[in-house]
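No hydrogens, no waters, no symmetry mates; every other heavy atom, side chains included, goes into these values. Just follow the structure's listing: the first ligand is 1, and inside any ligand the first atom is 1. Since the structure is predicted, the reported quantities are computational estimates derived from the model, not experimental observations.
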Amino acid sequence: MNPHFQPVALHHASRLINHGPTVLVTSAHGGRRNVMAAAWSMPVEFSPPRIAVVIDKHTFTSELVKASGGFALCLPTPALLDLTHDVGQHSGRDGDKFAQYGIDAHPGPVLGMPVMEAGCAAWLECRRIPEPHTEGAYDTWFAEVVAAAADTRVFANGHWLYDETNTTLQTIHHLGGGNFVRAHGAARARQP
Ligand SMILES: Cc1cc2nc3c(=O)[nH]c(=O)nc-3n(C[C@H](O)[C@H](O)[C@H](O)COP(=O)(O)O)c2cc1C
């Protein structure tokens, strides 16, 4: 056994795999809008493009998503690191976080969900695929991506272009406890 390896407490196990891009989940319904941070999202299907995201059932976001049938995932860059943490600390039930933090957003093209571009690398507008069991038992929501856009300085022709020139446009990844790391130091696997 590698002497550098030690057991990880199971309540920390999710942290070993939770540093995909941290997203801002935006939602809107009936004149209300909201934004929360989510570290836990993932693709589940190429075609049609489907994703899953964990949205706790106690959040205001979950209410709006259930009511509207949609949400957007916006990918913050380091410029929005503090904001990402802040909007993940309190509920939008108590007031509009967009107004509170001066967040610039416009309606997405298909569902009208608020999409953020300033300070973000990309966004995905998503239509909920109702799965009451997984939503209720695991707070896991499935959705189909119906529109997406990305900053071409960092994502073009279907690929992330991470290099030294665009570090400020790269995604951020939550390590837990308010600690983040930037996507940085891209490496390419050898080709067969
Ligand atoms: C960095 C970060 C990541 C988070 N990841 C998630 C997540 O994946 N799923 C979730 O349900 N809550 C997550 N949260 C907590 C929510 O963002 C938080 O409960 C938020 O206040 C909910 O807001 P709302 O009630 O306005 O929807 C995270 C918080 C932070 C700061």
Peer 1: Just jot down the ligand 1 atoms closer than 4.0 angstrom to any heavy atom of Asn34, in number order.
Peer 2: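 This gives 24 (P), 26 (O), 27 (O) as the contact atoms.
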
Peer 1: Give the residue, atom name and distance (to 0.1 Å) of the protein heavy atom nearest atom 9 (N) of ligand 1.
Peer 2: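 The closest heavy atom on the protein side is Val54 O, 2.8 Å.
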
Peer 1: Identify, for atom 17 (O) of ligand 1, the protein heavy atom at the shortest distance, and state residue, atom and that distance.
Peer 2: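 Looking at atom 17 (O) of ligand 1, the protein heavy atom closest to it is Ala37 O, 2.8 Å.
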
Peer 1: Which residue supplies the protein heavy atom nearest to atom 21 (O) of ligand 1, what is that atom called, and how far is it?
Peer 2: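 The answer is His90 O, 3.0 Å.
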
Peer 1: How long is the gap from SG on Cys126 to CZ on Arg50, to the nearest 0.5 Å?
Peer 2: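 With rounding to 0.5 Å, SG (Cys126) is 12.5 Å from CZ (Arg50).
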
Peer 1: Write out the residue and atom name of the closest protein heavy atom to atom 12 (N) of ligand 1, then the distance separating them to 0.1 Å.
Peer 2: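 Answer for atom 12 (N) of ligand 1: Met36 CE, 3.5 Å.
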
Peer 1: May I ask you to identify the nearest protein heavy atom to atom 11 (O) of ligand 1, giving residue, atom name and distance to one decimal place in Å?
Peer 2: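 The closest heavy atom on the protein side is Asp56 N, 2.8 Å.
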
Peer 1: If you measure from the Lys or Arg side-chain nitrogens to the Asp or Glu carboxylate oxygens, is any gap between Arg128 and Glu135 under 4.0 Å?
Peer 2: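 Yes.
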
Peer 1: Short question: side chain of Glu125, backbone of Phe71 - any donor-acceptor pair under 3.5 Å?
Peer 2: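 It does not hold such a pair.
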
Peer 1: Which atoms from ligand 1 have a heavy atom of Ser91 less than 4.0 Å away?
Peer 2: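 Heavy-atom distances to Ser91 below 4.0 Å select 24 (P), 25 (O), 26 (O).
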
Peer 1: Near His85, which atoms of ligand 1 are under 4.0 Å from a heavy atom of that residue?
Peer 2: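 Answer, ordered by atom number: 31 (C).
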
Peer 1: Name the closest protein heavy atom to atom 3 (C) of ligand 1, giving the residue it belongs to and the distance to 0.1 Å.
Peer 2: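 I find the closest protein heavy atom is Ala39 N, 3.6 Å.
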
Peer 1: Which of the atoms in ligand 1, numbered in the order shown and given with their element, are less than 4.0 Å from a heavy-atom of Lys97?
Peer 2: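 Near Lys97, the atoms of ligand 1 are 23 (O), 24 (P), 26 (O).
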
Peer 1: Please assess Glu63 against Arg32 for the test salt bridge (Lys or Arg N to Asp or Glu O under 4.0 Å), listing each intermediate value before the final yes or no.
Peer 2: CA-CA 11 Å; Glu63 280 176 37; Arg32 303 285 305 271; over 6 Å; no

